[in-house]
Amino acid sequence: MIIKVIAAKLLAKKVNKDTLKWSSKPVETQQKVFDDLIKMASQTKFGKDHHFKKIKSFKDFANQVPVRDYEALKPYVDLVVQGKEAILWPGKPVYFAKTSGTTSGAKYIPLTKESIPFHISAARNALLSYVYETGKADFLKGKMIFLQGSPILEVKNGIKLGRLSGIVAHYVPKYLTKNRMPSWETNCIEDWETKVNAIVDETINEDMTVISGIPAWVQMYFEKLQQKSGKKVGELFKNFSLYVYGGVNFEPYRAKFENLIGRKVDSVELFPASEGFFAYQDKQNEKGMLLLLNAGIFYEFIKADEFFTENPKRYTIGEVELGVNYALIISTNAGLWGYNIGDTVQFTSLKPHRLIVSGRIKHFISAFGEHVIGKEVEHALKEAMEGSSIRVNEFTVAPQISPETGLPYHEWFIEFENEPENLEVFALKIDDAMRKQNAYYDDLIVGKVLRTLIVTKVSQNGFQDYMKSIGKLGGQNKLPRLSNDRGIADKLKSK
């Protein structure tokens with residue numbers, strides 16, 4: 001174990017040195033990625049259809065390749081799924097990461113022999129960056145758990161497919177296999193509640209040091225541990241020192257986590273997706289995650305408030321500004337081109353380039369032109385809870401356009417762990433925080449177009465029941481923070 005700790009610190013030093021090289025030259029790094037991608041894909045069907053051989057600059061690329069989402073790229077993906085070669089990228093993908101679609105049903109995101117290594121190395125480097133900065137590596141002596149999807153893979157026309165987290169489970173380094181939990185058999189359980197109960201049974205007497213997963217599902221794991229043991233998680237796992245998460249903002253969950261654990265633990269935020277591993281937190285005391293500019297992904301950015309206009313300007317890494325809300329567009333060594341992943345980001349630093357995920361381009365509220373985004377509602381809730389004993393398990397927000405009486409309003413559905421003494425006062429605190437952040441929302445309140453927001457309490461486990469009812473309990477599934485309609489709201493109201 002001591003050898004493993006020493007080796008990790010030495011490797012962490014090397015990774016930090018390499019990171020400084022490419023992160024200090026962002027434009028040059030991205031240009032090299034761009035040139036390599038265009039060259040590699042010039043003989044593919046997509047490359048020929050879009051005249052890649054004539055592309056000499058980003059301007060050429062933007063003129064030839066429109067921004068697409070999955071639905072628009074689907075005709076090409078369908079050919080890949082059928083087993084055809086050299087469609088989006090040379091040869092065939094090694095895997096398809098299967099995700100939930102919208103109008104198209106299941107989405108099949110290709111993973112190639114060129115892209116897979118970056119998914120693995122980015123997760124490793126996130127931990128090594130933490131080791132380098134803090135000097136802490138003793139967590140390698142204990143057991144680690146990664147709450148994830150089943151590693152059982154299907155085969156479609158000779159290509160393996162499964163959830164991304166299940167695919168990467170096949171790439172656990174040999175030196176970590178003895179540390180990693182749960183067992184392969186437990187990891188293969190499909191039903192999420194059954195799986196979490198089995199994980200509790202397997203881990204409750206182990207020396208868990210690192211725990212990773214989406215906050216909502218780790219919270220469920222912690223609650224079940226506490227119910228079974230009668231102890232705080234931090235007392236049960238005395239050496240638990242690092243929580244690794246991604247996919248959603250941790251802040252709304254932080255107070256509940258600290259209560260369940262019984263103490264504070266360090267955390268590392270990741271920004272992974274089936275389409276690529278984009279960023280990870282490289283500093284404990286710096287806001288934002290380091291954007292991975294050398295990981296086989298070329299990034300473009302479109303200002304979110306211009307995204308739905310005709311021909312919005314597409315920015316590259318050398319043109320971005322601090323604090324602007326951008327839709328993230330990618331081209332990758334898995335064969336995604338001008339691809340809108342649906343996330344919005346804001347840069348917190350330009351030397352190096354660090355960012356936060358601010359929301360989803362389709363998850364917003366603008367029923368009255370208020371342009372409310374995920375970052376704003378999460379910050380408003382955090383501000384309203386500060387200095388109090390209020391704790392929230394989960395929440396989502398939707399507009400109420402046609403109330404039975406009075407003005408329209410935003411309705412906040414909140415499942416409390418510890419409720420406020422006065423719900424109306426708490427709602428006003430959230431509303432004040434929203435008005436300070438969003439001038440459009442403030443104008444609508446002042447102009448009496450909207451009334452102040454209303455908080456509706458959701459019963460215990462109400463959000464889990466909702467996710468279960470739509471077949472999205474557990475794994476990498478996340479509850480939208482915002483909806484511009486009443487789809488989720490009406491289902492919560494009916495419970």
Side-chain angles (χ1 to χ4, degrees), residues 123 127 139 142-151 163-166 168-169 172 176 179-270 272 391-395 415-418 460-468 472-479:
L127 292 179
F139 62 82
K143 296 292 180 72
M144 307 178 186
I145 187 168
F146 298 85
L147 294 179
Q148 58 188 194
S150 170
R163 299 288 180 182
L164 176 66
S165 60
V168 298
V172 178
L176 285 182
N179 298 62
R180 188 183 174 98
M181 298 194 77
S183 66
W184 185 267
E185 292 75 20
T186 294
N187 221 9
C188 291
I189 296 172
E190 290 288 350
D191 180 75
W192 188 251
E193 290 176 295
T194 304
K195 182 173 187 169
V196 173
N197 286 330
I199 291 172
V200 168
D201 290 339
E202 280 192 1
T203 59
I204 197 165
N205 295 314
E206 296 287 348
D207 179 23
M208 305 303 302
T209 55
V210 178
I211 296 172
S212 175
I214 289 176
W217 311 126
V218 174
Q219 180 176 299
M220 181 194 291
Y221 167 59
F222 284 172
E223 288 169 342
K224 288 181 180 292
L225 280 169
Q226 194 173 68
Q227 290 164 10
K228 185 157 187 173
S229 68
K231 297 179 180 179
K232 297 281 188 182
V233 173
E235 182 184 354
L236 192 64
F237 303 142
K238 291 182 170 55
N239 295 313
F240 171 38
S241 60
L242 183 61
Y243 172 52
V244 182
Y245 67 94
V248 298
N249 186 358
F250 181 46
E251 289 307 317
Y253 300 92
R254 189 178 293 276
K256 176 69 184 290
F257 265 58
E258 289 178 0
N259 179 260
L260 286 166
I261 297 167
R263 55 183 167 83
K264 293 184 178 182
V265 299
D266 288 348
S267 60
V268 172
E269 183 177 7
L270 312 178
R391 290 197 296 274
V392 168
N393 289 340
E394 191 60 277
F395 78 100
E415 181 184 324
F416 291 99
E417 174 71 15
N418 278 358
Q460 287 297 305
N461 300 318
F463 284 106
Q464 286 182 22
D465 292 342
Y466 164 72
M467 294 296 278
K468 188 176 183 180
K472 292 191 175 183
L473 182 67
Q476 303 304 301
N477 296 307
K478 296 163 284 190
L479 177 78

Between [X] and [Y], which heavy-atom pair has the shortest distance, and what is it?
X: I204; Y: S229; result: CD1-CB, 4.0 Å
X: P151; Y: W184; result: CB-CH2, 3.5 Å
X: I214; Y: G246; result: CG1-O, 3.6 Å
X: G142; Y: N179; result: O-ND2, 2.8 Å

Rounded at 0.5 Å granularity, tell me how far [atom1] in [X] sits from [atom2] in [Y].
X: L260; Y: M220; atom1: CG; atom2: CE; value: 12.5 Å
X: I261; Y: L236; atom1: CD1; atom2: CG; value: 12.0 Å
X: N393; Y: E417; atom1: CG; atom2: CD; value: 5.0 Å

Taking side chain to side chain donor-acceptor pair (under 3.5 Å) as the definition, give me every residue that meets it alongside Q226, ordered by chain and number, with sequence neighbours left out.
none
Looking at side-chain heavy atoms only, is the closest gap between [X] and [Y] below 4.5 Å?
X: R180; Y: F146; value: yes
X: W217; Y: V196; value: no
X: V265; Y: I211; value: no
X: Y245; Y: Y253; value: no
X: E415; Y: Q464; value: no
X: I189; Y: S150; value: no
X: E394; Y: Q219; value: no

Run the salt bridge (Lys or Arg N to Asp or Glu O under 4.0 Å) check on K256 and E223 step by step: do they pass?
CA-CA 10 Å; K256 176 69 184 290; E223 288 169 342; 2.7 Å; yes
State whether the side chain of [X] and the backbone N or O of [Y] hold a donor-acceptor pair below 3.5 Å, judged by distance alone.
X: K195; Y: N187; answer: yes
X: D266; Y: L242; answer: no
X: N259; Y: A255; answer: no
X: Q460; Y: F416; answer: yes

NZ/K232: more than 12 non-hydrogen atoms of other groups inside 6.0 Å:
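Counting other residues, nucleotides and ligands, NZ of K232 exceeds 12 neighbours.
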Go through the steps for Y221 and I199 under the test side-chain contact (heavy atoms from CB on, under 4.5 Å), then give the verdict.
CA-CA 8 Å; Y221 167 59; I199 291 172; 3.6 Å; yes
Enumerate the residue pairs fulfilling salt bridge (charged side-chain N to carboxylate O under 4.0 Å, His left out) with a member in residues 200-221, sequence neighbours excluded, ordered by first and then second residue.
K143-E206, D201-K228
Going by the rule salt bridge (charged side-chain N to carboxylate O under 4.0 Å, His left out), which residues pair with K231 if we only count those two or more places apart in sequence or in a different chain?
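By the salt bridge (charged side-chain N to carboxylate O under 4.0 Å, His left out) rule, K231 matches no residue at all.
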May I have the step-by-step check of side-chain contact (heavy atoms from CB on, under 4.5 Å) for T203 and L225, ending in yes or no?
CA-CA 9 Å; T203 59; L225 280 169; 4.2 Å; yes
Scan Y243, F139, F240, F237 and name whichever one has a side-chain contact (heavy atoms from CB on, under 4.5 Å) with V210.
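It is F139, the one option of Y243, F139, F240, F237 that forms the side-chain contact (heavy atoms from CB on, under 4.5 Å) with V210.
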